[in-house]
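Hydrogens, waters and symmetry mates play no part in the numbers below; they use all other heavy atoms, side chains included.
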Amino acid sequence: MTRGKPPFRADHVGSFLRPKALLDARDAHKAGTLDAGALRSVEDAAIRDIVRYQENLGLAGITDGEFRRTYFHIDFLTRLSGVTTKGGINVSFHSAGGNVDFAPPVMQVAEKVRHDQPIQRADFEFLRSVVTRTPKVSIPSPTMLHFRGGRGAISRDAYPDLDAFYADVAQAYRDEIADLAAAGCRYLQLDDTNLAYLCDEKMCEGARQRGDDPDELPRRYAALINAAIAGRPSDMTVCVHLCRGNFKSAWAAEGGYEPVAEVLFNELAVDGYFLEYDDARSGDFAPLRHVPKGKTVVLGLVSTKVGQLESKDDLKRRIDMAAQKVPIEQLCLSPQCGFSSTVHGNDIATESQTAKLALVVDTARDVWGGV
């Protein structure tokens with residue numbers, strides 16, 4: 001039951017711990033002592049290394065580690081015309097070691113949203129030039145432009161009607177995806193925290209206070225994502241990764257997938273789902289009963305937030321449990337999130353990162369006969 005197309009039996013979300021040389025170069029660039037061209041050369045070298053790292057581990061889907069980004073979402077979204085950032089809304093992230101307060105910049109839609117320039121093409125073309133397997137691009141879900149700030153973060157002058165906002169965002173994404181497709185991209189992942197946040201009653205209450213209906217938002221967001229990926233090539237695999245927050249080994253939301261499951265699996269027109277299932281805060285496998293034939297679920301059973309290595313026997317047992325809800329041929333395995341969704345990285349050693357990825361590959365070979 002090996003798969004010749006993505007998502008692969010052994011897969012991963014995309015980001016990796018940044019090497020020191022790369023972090024030092026970014027600091028030097030910020031300080032004005034290293035120009036953009038020199039920084040990109042350092043990034044190129046680090047990406048060549050992380051590509052070899054992934055391929056040597058036996059992974060089939062290969063990313064650039066998100067080594068050119070500070071945040072998984074902001075770097076991309078602010079390159080859309082009309083989008084800027086303003087201040088930050090403090091979010092209390094939770095971890096085994098206690099709470100972590102973090103206030104990343106909030107997206108502000110100040111003018112009409114347009115795709116005036118390629119965003120990921122040059123980065124993808126470099127990645128494609130150095131891989132021997134399937135290059136994968138991860139970009140933020142279009143829902144990221146709405147949820148955290150809501151109506152208040154979207155200019156009423158530019159968008160008196162939110163339907164026009166959603167239409168422009170979808171068009172901008174279609175333009176970007178068409179550009180990536182023309183460059184040869186056939187494996188695309190949308191990173192979405194918001195559908196998972198809508199599984200947490202505290203987050204739902206926050207949405208209500210912003211004037212949104214958390215019961216309606218899943219369908220609104222599914223329609224937005226569907227419009228964003230409409231027209232993609234028939235041989236392009238599009239997956240969505242649901243995340244409850246990932247900053248320095250901490251998370252922001254909790255709750256099983258039941259509140260969004262029917263919409264997620266049956267109204268969202270993607271090929272696969274990367275789902276967090278590393279601990280109790282993600283709930284049980286019951287929501288997987290809604291998964292239809294033809295779609296693939298990548299079980300994020302291996303934590304990127306703690307260094308302790310999971311047991312292969314436990315992973316196999318949990319895969320068997322999930323297979324009681326959805327056929328095992330529709331399942332794959334991965335870490336639950338990236339190892340470094342922001343440049344800061346999770347509180348985990350590089351050696352643990354390697355051991356966890358190797359465990360995913362070894363377990364996939366045992367369960368499915370290959371990656």
Side-chain angles (χ1 to χ4, degrees), residues 1 3 5-9 11 13 138-144 146-147 163 166-167 169-170 173-174 177 187-201 203-204 207 212-244 253-277 281-301 318-319 321-334 336:
M1 290 190 293
R3 289 176 59 85
K5 63 178 183 178
F8 299 101
R9 296 299 183 198
D11 218 312
V13 170
S138 297
I139 63 176
S141 167
T143 69
M144 302 298 293
H146 177 265
F147 183 78
D163 286 344
Y166 287 122
V169 172
Y173 266 73
R174 286 195 295 272
I177 292 170
Y187 189 10
L188 182 70
Q189 176 180 297
L190 303 176
D191 291 321
D192 192 300
T193 63
N194 305 318
L195 287 167
Y197 280 13
L198 289 169
C199 298
D200 186 318
E201 179 52 34
M203 294 289 184
C204 289
D212 290 309
D213 180 353
D215 295 323
E216 185 272 338
L217 280 179
R219 284 190 166 82
R220 173 69 270 185
Y221 287 165
L224 172 60
I225 293 170
N226 289 346
I229 63 177
R232 70 190 188 274
S234 60
D235 61 345
M236 175 186 278
T237 296
V238 177
C239 295
V240 63
H241 166 234
L242 269 64
C243 174
R244 293 167 178 80
E254 301 180 1
Y257 296 101
E258 199 65 51
V260 302
E262 288 192 61
V263 171
L264 178 68
F265 297 127
N266 291 286
E267 295 187 25
L268 193 56
V270 297
D271 304 297
Y273 305 85
F274 282 75
L275 301 181
E276 292 191 312
Y277 266 122
R281 68 193 171 84
S282 300
D284 59 25
F285 296 124
L288 299 184
R289 70 189 184 279
H290 295 288
V291 178
K293 291 182 179 179
K295 292 195 172 185
T296 303
V297 171
V298 186
L299 299 170
L301 302 179
R318 297 197 69 203
I319 292 169
M321 291 173 62
Q324 295 174 22
K325 304 298 180 181
V326 61
I328 196 167
E329 60 266 22
Q330 290 178 244
L331 297 175
C332 299
L333 178 65
S334 77
Q336 124 278 344

Could you measure the distance from the OH atom of Tyr197 to the CG atom of Asp192? Nearest 0.5 Å is fine.
10.0 Å
Spacing of Glu262 atom CD and His290 atom NE2 [to the nearest 0.5 Å]:
4.5 Å
Out of curiosity, Ile139 CD1 to Leu190 CG, how far, rounded to the nearest 0.5 Å?
5.5 Å
Before accepting this row, confirm whether a basic side-chain N of the pair Arg220/Asp163 lies closer than 4.0 Å to the acidic partner's carboxylate O.
yes
Would you call the rings of His146 and Tyr166 parallel, tilted or perpendicular, taking 30° and 60° as the class edges?
tilted
Pairwise distance OH(Tyr257) to OH(Tyr273) - rounded to 0.5 angstrom
12.5 Å
As an exercise, state the distance from CG of Leu224 to OG of Ser141, rounded to the nearest 0.5 Å.
6.5 Å
Got a donor-acceptor contact below 3.5 angstrom from the Asn226 side chain to the Glu267 backbone?
yes
Quick test of your reading: applying salt bridge (Lys or Arg N to Asp or Glu O under 4.0 Å), list the pairs with at least one residue in residues 231-241, sequence neighbours left out, ordered by first then second residue.
Arg186-Asp235, Arg232-Asp271
Val260 versus Tyr221: any side-chain heavy-atom pair under 4.5 Å?
no
Tell me whether the count of non-hydrogen atoms from other residues, nucleotides or ligands lying under 6.0 Å of CD in Glu329 goes above 12.
yes
Any donor-acceptor pair under 3.5 Å linking the side chain of His241 with the backbone of Glu276?
no
Any donor-acceptor pair under 3.5 Å linking the side chain of Asn194 with the backbone of Thr143?
yes
Atom pair CZ (Phe285) and CD1 (Ile319), whose distance is rounded to the nearest 0.5 Å
8.5 Å
Heavy-atom pair with the smallest gap, counting every atom of Pro218 and Leu195:
CA-CD2, 4.0 Å
Any sub-3.5 Å donor-acceptor pair from Gln189's side-chain atoms to Val13's backbone N or O?
yes
Per side chain to side chain contact (heavy atoms under 4.5 Å, CB included), Leu331 is matched among Thr296, Val291, Val326 by Val326
